[in-house]
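Both ligands and their constituent atoms are indexed starting at 1 by order of listing.
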Amino acid sequence: MLGGMQDWSLVVTQIVDHAAREHGTRELVTRWADGSESRTTWAGVRQSALRMTQALRRLGIAKGDRIATMAMNHHRHLISWYGAVGAGGVLHTINPRLFDEQLEYMVGHAEDRVLLYDAVFQPIVDRMKHRWPTIEHYICYDSGAQTTHFEDWIGGEDGQTDWTECDERDPCMLCYTSGTTGNPKGVLYEHRSTMLHALTAVQPAIFDFDARSVMLPVVPMFHAASWGLPWAGAITGVKFVFSAVNDPAALCELIQNEGVTHAAGVPTVWLGVFQQLDSAGGNLGKLRHIICGGSAMPRSMIERFMRNGINVAHAWGMTETSPIGTTGCKPSNWDDLTFDEQVDAKAMQGRVPFGVELRCLDLGDPAIVLPRDGKTSGALQVRGPWVVKRYFKAEADATVEDQWFDTGDVAVIHPDGTLQLTDRTKDVIKSGGEWISSVELENAAIAHPGVAEAAAIGIAHPKWDERPILVVVKKPGAEVDPESLREVLATRVAKWWLPDAIEFVDEIPHTGTGKISKKDLRDRFRNYRLED
Ligand code: ADP
């Protein structure tokens, strides 16, 4: 063969090199919990990351070693992402909201050697230290703690070094799923998968970044790689606005003061922001693009954003998919749709970017691949270059056949490829041989003005196999009688879907990532009896 193209390794340090070179003076802002602010630039991020690389080498950290962080969103945390991978390490972002048993398991399983953490998590460190024997070095992002301060630690280095050479198929990051069943599982991202994901994520249908974008990532850097934002943002040199606290008032203030144009966060975050605006007044300033996922966006939320002229990218994904799988991008007939139809379109989970493939299998017979008819729901599978192949240290691949990964989600795929999630495989309720979506029942229930939260689970039934019951938390001070709730449900779901019983509780159990824990709920109602 005469000719060819250059070797240019898809390693993520290339991203920060590019950001420093092409967007070097572009600012990054952190607002700390006490209201004070720090500012740096992309050139500054790279320089500090190089210093951290030197400091890690001085600690004896070698290629492939795991470096953990347990921290909120701030520029020092971002520097550590590039510093850890720059030293050839594998960055392990720990979710501080997980339970002690999970924290012990994950750190031990990852064999983390260094932990960088925020002072607010000092109580966790004090509590867990003796259960984390692999950690040799603790570095605190804040000054005044008992351990080495991050700035002092990297301040002793001059940054005159090169990144550790890595192959694009080397690992660079480790994220654990929250493990609603069994122990958390580690997903090991590679430089190449991370780079391809980042290049995809900047597209208009996803993050919609260009050099003018000002991005407020509310999604924590410890959750699902912060949806890949720290990598993707550097590609186009966005101005990042970090908030070390997720307080709605602080977020609204930052949106106004820093000219935020883009923001990313789970639906609960935006509910808080709307409540803040409703009670304290104000508006969303220059905000024009929201990326939201992790759980389904309520229709009313999408409508409110759209009425404010804000584009909504409703995304579906999971830790195992790096995490972007689909986004609610505009379909080709968008301009012909009415406003309500546009809101309906955005309420679905959207379509795949190039690089992700989807299919649904029959729930009863996995040999049957379902048609994309917009009606038949089945077990959702996914594959692509940024989808997990094998969990960290697992003995077998996580995929089934032909590299398909079973997501555990139940979905319908529409003829134009739009994904509509209907449930989780374990949560869907089988009644008389037909499937009832617990998620749709829950969505119908929260349409009742007195309902704060609702969860539907299947209970064994002598005749129907399973029947749904609805567990409900009322809004403070609200009166909800079961009959009025049943009436609301009946306008939204089929009659045979109506729950056999409605139970009012003070609280519904949640997982470490804030999702309803159906497993705990099923345990709680294990001995519940339904009559024939
Ligand atoms: P964890 O598994 O650690 O709780 P993930 O973020 O990996 O956290 O969770 C992925 C799951 O979240 C998906 O499999 C799906 O069930 C749910 N999910 C993600 N995005 C959406 C969405 N837009 N709508 C509904 N469910 C979603």
Task: H92-Y176 aromatic ring centre distance below 6.0 Å - done: yes
- [ ] Examine distances only and state if a side-chain atom of D397 and a backbone atom of V400 form a donor-acceptor pair shorter than 3.5 Å.
- [x] no
Task: 4.0 Å heavy-atom contact, H223 with ligand 1 - done: yes
Task: Presence of salt bridge, D506 and K474, under 4.0 angstrom - done: no
TODO: Using distance alone, decide if ligand 1 has a nitrogen or oxygen within less than 3.5 Å of any nitrogen or oxygen in D409.
DONE: yes
TODO: Answer yes or no: is there an ion pair linking E303 with R307, defined by an N-O contact shorter than 4.0 Å?
DONE: yes
Open item on the list: Heavy atoms only, cut-off 4.0 Å: how does S295 contact ligand 1, side chain, backbone, both, or neither?
Closed with: backbone
Task: Close N or O approach (G294, ligand 1; < 3.5 Å) - done: yes
- [ ] Begin with the C-alpha distance, continue with both residues' side-chain angles, and end with the deciding distance and a verdict on side-chain hydrogen bond (donor to acceptor under 3.5 Å, both in side chains) for D423 and S438.
- [x] CA-CA 6 Å; D423 216 334; S438 64; 2.8 Å; yes
Task: Pair H74-D118, side-chain hydrogen bond (donor to acceptor under 3.5 Å, both in side chains): steps then yes or no - done: CA-CA 10 Å; H74 49 72; D118 285 345; 2.8 Å; yes
TODO: Determine whether any heavy atom of P323 lies closer than 4.0 Å to an atom of ligand 1.
DONE: no
- [ ] Give yes if a backbone or side-chain nitrogen or oxygen of T407 is under 3.5 Å from a nitrogen or oxygen of ligand 1, and no if not.
- [x] no
TODO: Just jot down the ligand 1 atoms closer than 4.0 angstrom to any heavy atom of M318, in number order.
DONE: 7 (O), 10 (C), 14 (O)
Open item on the list: Check for me whether the distance between the ring centres of H109 and F392 falls short of 6.0 Å.
Closed with: yes
Open item on the list: Please tell me whether H262 and F209 form a close aromatic pair, meaning their ring centres lie under 6.0 Å apart.
Closed with: yes
Open item on the list: Heavy atoms only, cut-off 4.0 Å: how does R424 contact ligand 1, side chain, backbone, both, or neither?
Closed with: side chain
Task: ligand 1 contact by A315, heavy-atom criterion under 4.0 angstrom - done: yes
Open item on the list: Show me which atoms of ligand 1 lie under 4.0 Å from any heavy atom of L421.
Closed with: 25 (C), 26 (N), 27 (C)
TODO: Within a distance under 4.0 Å of any heavy atom of T177, pick out the atoms of ligand 1 and give their elements.
DONE: 3 (O)
